[in-house]
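Computed from a predicted model, the values in this text were never measured in an experiment. Scope of the values below: all heavy atoms of this structure, side chains included, with no hydrogens, waters or symmetry mates. Here is how names work: the chains are called A, B, and so on, in the same order as the sequence lines, proteins then strands, and each is numbered from 1.
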There are 2 protein chains.
Amino acid sequence: MIKVLLADDQALVRGAFAAMLGLEPDIEVVAEVSAGDEVVDAARRTSPDVALLDVQMPGKDGLSAAAELHAALPSCRVIVCTTFGRPGYLARAMAAGAAGFVVKDASPEQLVDAVRRVHAGLRVVDPTLAAESLAVGRSPLTDRERDVLALARDGGTVADLAKALHLSEGTVRNHLSAAIGKTGARTRAEAVRLAEDSGWL
Amino acid sequence: MIKVLLADDQALVRGAFAAMLGLEPDIEVVAEVSAGDEVVDAARRTSPDVALLDVQMPGKDGLSAAAELHAALPSCRVIVCTTFGRPGYLARAMAAGAAGFVVKDASPEQLVDAVRRVHAGLRVVDPTLAAESLAVGRSPLTDRERDVLALARDGGTVADLAKALHLSEGTVRNHLSAAIGKTGARTRAEAVRLAEDSGWL
DNA sequence: ACCCCGCCATGACAGATGTCATGACGGGGC
DNA sequence: GCCCCGTCATGACATCTGTCATGGCGGGGT
């Protein structure tokens, strides 16, 4: 019997996943949580064999939660599951010690297969995404550039960003210019989009 | 026996929904599709009692699909289901003849309840979202302003938008300026965000 | 010690952006 | 018929952005 922990902020898909996995004779869902910072607690209580974590969650990012869980309970294998197949997510998930990475486009069979494979000690990764991940590579952005770009996401002016980060406007523009250059974009907004799609934000 | 059609582009959640609904003794999933333009076809073949449509789908928007389905098979009740609780989506779904609107944050019980209620001829709407929808109101944007703003989403320059829409640059800037004013934003990017969050795009 | 790199800052410049006034055209609505 | 509104356009203007050169500061690496 493979004991599984589910973490997803959307109750509907969480429940649906539980129902689907519950249909398998060798899988049992032992815990369900809706926020990233509940993961480790729940895992300590129920000691699952496999944890299925969504990336998008309130409280704590699914990727940080994966790292935390891997550190706290190394025996619990982690699968990261996400709506968006962003190359950077895969890289970060693997760096966080995840054993598997599944996109929500995958078939139901692939998910239960992934659970079994991961439980058996194997790694499960979408090959297409792995190739993309290698092609895109690691983020070329420095920490500050990422900060600035992340804040620029919600459409503030340079002055807003400077105030929020306690920087001079000129510095902000320099960071933005560098980010634009590195992402190959021609606009701040485009740079945000590209960085986001690559999972660099 | 309530016959249900499922439409969602993410195979994993589609399968999970099917598994969950299949557990109910009075519900039967008779069709699953992954694109908006397959909905009517599948419905014609399987004549479901209730159709559960996701908003985000390739091919054809879940909202347009809802309108089409309602026109083609009025006897089939439609529930629109979405990740994002955008007020404008609710309004458009209702305008399209949908009988229910469910966000993916809802509990599994709420979904099966919604299916039964809708099948019984009732309307099902999240009250919180309904209030928000009334507060936000209909989109203040004209068709052209919406077009321009939608294109501006991926971060092109004014020149790019003008070329794509076969307009003069000045006209594009006028439309953008109007959209910025109407949304209460102070930047093009902010206007995009606000309009998107309201479901106006 | 030296150099490279990230970070912060300043100043200057060209080009893009947002605003405004103004005007033309066509389609409703009263 | 008249007026309002949406669409498209032009021109002008102030401001914001993106780029570049330049320089100071501090932390590693070799």
Side-chain angles (χ1 to χ4, degrees), chain A residues 88 91-92 95 136-201, chain B residues 88 91-92 95 136-201:
Chain A
R92 277 196 272 166
V136 168
R138 241 181 96 266
S139 170
L141 302 176
T142 69
D143 289 353
R144 243 15 194 164
E145 285 158 7
R146 184 181 39 69
D147 290 348
V148 174
L149 213 52
L151 266 185
R153 213 178 351 175
D154 17 329
T157 69
V158 172
D160 297 337
L161 306 184
K163 202 162 298 173
L165 292 170
H166 305 290
L167 290 177
S168 103
E169 299 194 10
T171 304
V172 170
R173 288 195 293 180
N174 286 341
H175 284 315
L176 280 175
S177 184
I180 290 170
K182 287 178 180 179
T183 55
R186 273 162 48 248
T187 306
R188 174 195 319 198
E190 199 181 349
V192 168
R193 256 187 46 69
L194 290 172
E196 211 163 26
D197 285 355
S198 301
W200 291 341
L201 106 284
Chain B
R92 277 196 271 167
V136 169
R138 243 182 95 264
S139 170
L141 303 175
T142 68
D143 288 354
R144 246 7 197 167
E145 285 158 5
R146 184 181 40 68
D147 290 348
V148 173
L149 212 53
L151 265 186
R153 212 174 355 172
D154 18 331
T157 70
V158 172
D160 296 337
L161 306 185
K163 201 163 297 173
L165 292 169
H166 305 290
L167 290 178
S168 104
E169 299 194 10
T171 304
V172 170
R173 289 195 292 179
N174 286 339
H175 285 315
L176 280 176
S177 185
I180 289 170
K182 287 179 180 178
T183 53
R186 275 161 46 250
T187 306
R188 174 195 320 198
E190 199 181 349
V192 168
R193 253 187 46 69
L194 290 171
E196 210 164 27
D197 285 354
S198 301
W200 291 341
L201 107 296

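Near DNA chain C, defined here as any heavy-atom distance below 4.0 Å, the residues from residues 170-177 of chain A are G170(A), T171(A), R173(A), N174(A), H175(A), listed numerically. Within residues 181-201 of chain A, no residue has a heavy atom under 4.0 Å from DNA chain C. Of all the residues in residues 144-159 of chain B, T157(B), V158(B) reach under 4.0 Å from DNA chain C with at least one non-hydrogen atom.
The nearest pair of heavy atoms linking G137(B) to W200(B) is O-NE1, 3.8 Å. When all heavy atoms of A191(B) and A185(B) are compared, the closest pair comes out as N-CB, 3.4 Å. Shortest non-hydrogen contact noted between R188(B) and A152(B) is CD-CB, 4.0 Å. Shown here for L194(B) and T183(B), the closest heavy-atom pair between the two residues is CD1-O, 3.5 Å. Between E190(B) and G155(A), the shortest heavy-atom distance links the atoms CB-O, 3.6 Å.
Remark: E145(B) CD to I180(B) CD1 distance equals 10.5 Å, nearest 0.5 Å. Here CG of L161(A) is found 11.0 Å from NE2 of H175(A). Values are rounded to the nearest 0.5 Å.
Between chain B and DNA chain C, the heavy-atom contact criterion of under 4.0 Å yields a 5' to 3' nucleotide range of dT17(C) to dC20(C).
Taking atom CG of D143(B) as the reference point, atom C1' of dC8(D) lies 15 Å away to the nearest angstrom.
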Go through the steps for R144(B) and T171(B) under the test side-chain contact (heavy atoms from CB on, under 4.5 Å), then give the verdict. CA-CA 10 Å; R144(B) 246 7 197 167; T171(B) 304; over 6 Å; no
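Rounded to 10°, the angle separating the first-five-pair axis and the last-five-pair axis of the helix from dA1(C)-dT30(D) to dC30(C)-dG1(D) equals 40°.
Between the side chain of T187(A) and the main chain of A189(A), no donor-acceptor pair closer than 3.5 Å is present. When atom types are taken as modelled, the side chain of S198(A) and the backbone of A195(A) share no donor-acceptor pair closer than 3.5 angstrom.
Each salt bridge (charged side-chain N to carboxylate O under 4.0 Å, His left out) pair with one or both residues in residues 150-172 of chain B, not counting sequence neighbours, appears once here: R186(A)-D160(B), R153(B)-E196(B).
For the pair D147(B) and L151(B), the minimum side-chain heavy-atom distance is 4.5 Å or more.
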